[in-house]
Amino acid sequence: MRVDVVSIFPEYLAPLELSLIGRARATGVLDVAVHDLRTWTHDVHRTVDDTPYGGGPGMVMRPEPWGEALDALAPPGAEPPPRLVVPTPVGAPFTQAMAHELAAESRLVFACGRYEGIDQRVLDHAATRMPVTEVSLGDYVLFGGEVAVLVIMEAVTRLLPGVLGNVDSLAEESHAHGLLEAPVYTKPPSWRGHEVPEILRSGDHGRIARWRRDQALLRTAARRPDMLAALAPGELDKKDVAT
Ligand SMILES: COC(=O)c1ccnc(N)c1
């Protein structure tokens with residue numbers, strides 16, 4: 001997967017060099033390039049923003065530098081076009097399902113907005129020649145899209161083939177099957193008066209699987225009833241109903 005990130009603070013994306021993502025880059029699974037938006041400015045002050053039409057506080061990112069950046073990174077006619085991903089408070093909720101969708105793309109271009117946002121015409125024009133996904137990490141506002149790119153890149157990269165040593169963990173983790181994951185334990189069996197649930201040390205893998213499923217259902221019901229309600233009808237079997 002080829003990923004391009006455009007930002008006025010490229011140094012914010014330095015963590016993309018670390019750990020899993022760094023290894024994915026080293027092994028060729030992932031090719032990441034970070035670009036300074038100011039590369040595509042032409043005035044002496046390298047201006048990327050201006051006052052909002054209609055008045056109001058703050059500044060808006062000018063369309064020209066973004067237009068030239070996207071022309072350079074996704075030349076008109078280049079096939080297949082990349083998916084443009086714009087982290088923004090007004091985007092669709094970022095979910096594990098969306099992480100899987102993005103992980104299936106061959107090219108992603110991330111546009112990191114700052115100030116009051118990017119001139120809407122940048123996204124409207126981009127949408128005439130590439131898929132555009134505006135994505136929100138949650139109901140809060142950040143200084144810019146950069147840290148959201150780090151979150152999205154971590155969620156996506158770990159889904160790429162060959163990145164996670166143990167692919168089984170992908171199958172069992174929270175949100176993988178529409179539920180929150182069951183609690184996990186390791187040695188010692190007793191710690192500060194807290195014991196590991198006996199069943200997990202029983203060696204009875206059938207009962208352990210049942211216990212974990214029950215815990216996942218109970219935890220999801222308590223913390224995320226919305227997820228339980230969203231389960232597809234076939235997701236709950238009759239053994240679950242007894243829970
Ligand atoms: C500037 O970007 C944001 O403030 C942002 C991006 C993604 N998700 C959010 N909740 C906010």
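Each ligand, and each atom within it, is numbered from 1 in the order the structure gives.
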Quiz item: Between Arg114 and Tyr12, is NZ or CZ placed under 6.0 angstrom from the six-membered ring centre and within 45° of the ring axis?
Solution: yes
Short N or O distance, [X] and ligand 1, threshold 3.5 Å exclusive:
X: Phe143; result: no
X: Gly113; result: no
X: Pro89; result: no

Exercise: identify the closest heavy-atom pair between [X] and [Y]:
X: Ser136; Y: Gly138; value: OG-O, 2.9 Å
X: Cys112; Y: Glu146; value: CB-OE2, 3.3 Å
X: Val48; Y: Tyr115; value: CG2-OH, 3.9 Å

Can you pull out the closest protein heavy atom to [atom]? Residue, atom name and distance to 0.1 Å, please.
atom: atom 4 (O) of ligand 1; result: Leu142 N, 2.8 Å
atom: atom 6 (C) of ligand 1; result: Thr88 N, 3.3 Å
atom: atom 1 (C) of ligand 1; result: Gly144 C, 3.4 Å

Using atom types as modelled, flag every donor-acceptor pair under 3.5 Å from a side chain in residues 64-76 to any protein atom, sequence neighbours excluded.
| from | atom 1 | to | atom 2 | distance (Å) |
| --- | --- | --- | --- | --- |
| Glu68 | OE1 | His42 | NE2 | 2.8 |
| Glu68 | OE2 | His42 | NE2 | 3.1 |
| Asp71 | OD1 | Arg129 | NH2 | 3.1 |

Quiz item: Nearest 0.5 Å, what's the CZ-CD distance between Arg2 and Glu105?
Solution: 15.0 Å
Taking only heavy atoms of [X] into account, list the atoms of ligand 1 that are under 4.0 Å away from them.
X: Leu137; value: 7 (C), 8 (N), 9 (C), 10 (N)
X: Val135; value: 7 (C)
X: Tyr140; value: 9 (C), 10 (N), 11 (C)
X: Val141; value: 4 (O)

Quiz prompt | Check: Leu200 and Arg212 side chains under 4.5 Å, non-hydrogen atoms | solution = yes
Practice problem: Give the contacting part of Asp139 toward ligand 1: side chain, backbone, both or neither, where contact means a heavy-atom distance below 4.0 Å. | Solution: neither
Quiz item: Stepwise, does the side chain to side chain donor-acceptor pair (under 3.5 Å) test hold for Arg62 with Thr47?
Solution: CA-CA 8 Å; Arg62 296 169 53 231; Thr47 310; 5.4 Å; no
